Visitor: 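Can you keep this structure in mind? I'll have questions shortly.
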Amino acid sequence: MRQRVMMVLVAMLGMLSVGRAGAQMVIQEAPNRLDIVDVGDPILISRKTLAGEMTRNAELREWVDLYGVPDYAEVQEIEVEPPFASYEVRLYYLKGNAYLAFGRVHVAPSLYDYGVRKYVGHIKPADLDRLLTARTAEDFQVAAAEPVPLAPWIVETTAVEGKPVGE
């Protein structure tokens, strides 16, 4: 009898661990972030830039490994006291209506990739509108690199009496 009970418990634990393999994002919104002061506008970043930030922030890397690449990511400069870095990486998951902020912490030279998840909440409608209509920095670079097609110019001149310029 004891062996059956143990087998049932082991089977139930096995099912629970399998269920956790496809992690579901649970959003528990924190109170307003009154201690964070944004400096300037946020800058949308590419997946390549996000991957670079993931090498410098272990918490960010673990989150993206667990829940996948976000729909949008941005960097926001902030006013904050040390040991925090002066910027945050913000992730936006549209499907889960999730907004997260990650910050780096400078604790010791040997801990170069120490970071914390500073905020988890829902995406505000104003932020969603901004994200859906925003252009990335790379969009601006591509637009600047593309040559502007020149229209054929027609120059009309009027005859002027006098000596030619070359004489």
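In this text, all values refer to a predicted model and were calculated from it rather than measured experimentally.
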Visitor: Output yes when a side-chain donor or acceptor of Thr49 lies under 3.5 Å from a complementary backbone atom of Ile45, and no otherwise.
Guide: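 Here the side-chain-to-backbone pair does not exist.
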
Visitor: What are the two closest heavy atoms between Glu88 and Ala101, and how far apart are they?
Guide: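 Scanning both residues, the minimum pair turns out to be OE1-CB, 3.8 Å.
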
Visitor: Would you please indicate yes or no on a ring centroid separation below 6.0 angstrom for Tyr119 and Tyr99?
Guide: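 Ring centres of Tyr119 and Tyr99 closer than 6.0 Å.
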
Visitor: State the OH-NZ distance between Tyr92 and Lys124, to the nearest 0.5 angstrom.
Guide: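 With rounding to 0.5 Å, OH (Tyr92) is 8.5 Å from NZ (Lys124).
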
Visitor: Run Val64 and Val69 through side-chain contact (heavy atoms from CB on, under 4.5 Å) and show every step you take.
Guide: CA-CA 6 Å; Val64 172; Val69 178; 4.3 Å; yes

Visitor: Would you mind checking if Arg90 and Asp38 are paired as a salt bridge, meaning a charged N to carboxylate O distance below 4.0 Å?
Guide: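 Judged by the 4.0 Å cut-off on N to carboxylate O distance, Asp38 and Arg90 do form a salt bridge.
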
Visitor: Do Leu111 and Val105 sit in one hydrophobic cluster, given that two such residues count as connected whenever their side-chain heavy atoms are within less than 4.5 Å of each other, even indirectly?
Guide: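 In one cluster: yes.
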
Visitor: Please answer whether the main-chain N or O of Pro83 pairs with a side-chain N or O of His106 as donor and acceptor at a distance below 3.5 Å.
Guide: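 Answer holds: no.
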
Visitor: How would you list, by chain and number, every residue that makes a ring pair (Phe, Tyr, Trp, His ring centres under 6.0 Å) with Phe84, sequence neighbours excluded?
Guide: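 Partners of Phe84 under the ring pair (Phe, Tyr, Trp, His ring centres under 6.0 Å) test: none.
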
Visitor: Are Phe102 and Val116 close enough that some pair of their side-chain heavy atoms sits under 4.5 Å apart?
Guide: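 Answer no - side chains too far apart.
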
Visitor: Evaluate the side-chain proximity of Tyr87 to Arg104: yes if any heavy-atom separation is below 4.5 Å, no if none is.
Guide: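 Counting from C-beta outward, Arg104 and Tyr87 do come under 4.5 Å.
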
Visitor: With sequence neighbours left out, what residues match Glu59 under side chain to side chain donor-acceptor pair (under 3.5 Å)?
Guide: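 Counting only residues at least two positions away or on another chain, Glu59 forms a side chain to side chain donor-acceptor pair (under 3.5 Å) with Arg117.
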
Visitor: Between Asp71 and Leu94, which heavy-atom pair has the shortest distance, and what is it?
Guide: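 Scanning both residues completely, I find the closest heavy atoms to be OD2-N, 2.6 Å.
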
Visitor: I'd like to know whether Glu74 forms a salt bridge (Lys or Arg N to Asp or Glu O under 4.0 Å) with Arg130, so could you lay out the CA-CA distance, the side-chain angles of the two residues, the decisive distance to 0.1 Å, and finally the verdict.
Guide: CA-CA 12 Å; Glu74 65 185 13; Arg130 177 180 53 80; 2.9 Å; yes

Visitor: For the residue pair Tyr72 and Leu131, what are the closest heavy atoms and their distance?
Guide: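 Smallest interatomic distance, heavy atoms only, reads CE2-O, 3.6 Å.
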
Visitor: Identify the heavy atoms of Asp41 and Gln76 that sit nearest to each other, and give their distance.
Guide: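 Looks like C-OE1, 3.6 Å.
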
Visitor: Give the minimum heavy-atom separation between Leu91 and Ala73, together with the two atoms involved.
Guide: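 That closest heavy-atom pairing would be CD2-CB, 3.9 Å.
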
Visitor: Determine, stepwise, if the pair Tyr67 / Glu62 fulfils side-chain hydrogen bond (donor to acceptor under 3.5 Å, both in side chains).
Guide: CA-CA 9 Å; Tyr67 295 109; Glu62 289 170 5; over 6 Å; no

Visitor: Could you go step by step and tell me if Asp65 and Met54 meet the side-chain contact (heavy atoms from CB on, under 4.5 Å) rule?
Guide: CA-CA 10 Å; Asp65 287 346; Met54 289 167 55; 4.2 Å; yes

Visitor: Of the non-hydrogen atoms in Pro70 and Leu50, which two are nearest, and what is the gap between them?
Guide: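 Shortest heavy-atom contact: CD-CD2, 3.7 Å.
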
Visitor: So does Asp113 pair up with Arg61, basic N to acidic O under 4.0 Å?
Guide: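 So Asp113 pairs with Arg61 through a salt bridge.
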
Visitor: Are Leu44 and Leu132 connected in the hydrophobic side-chain network, where two residues link if heavy atoms are under 4.5 Å apart?
Guide: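 Shared cluster, yes.
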
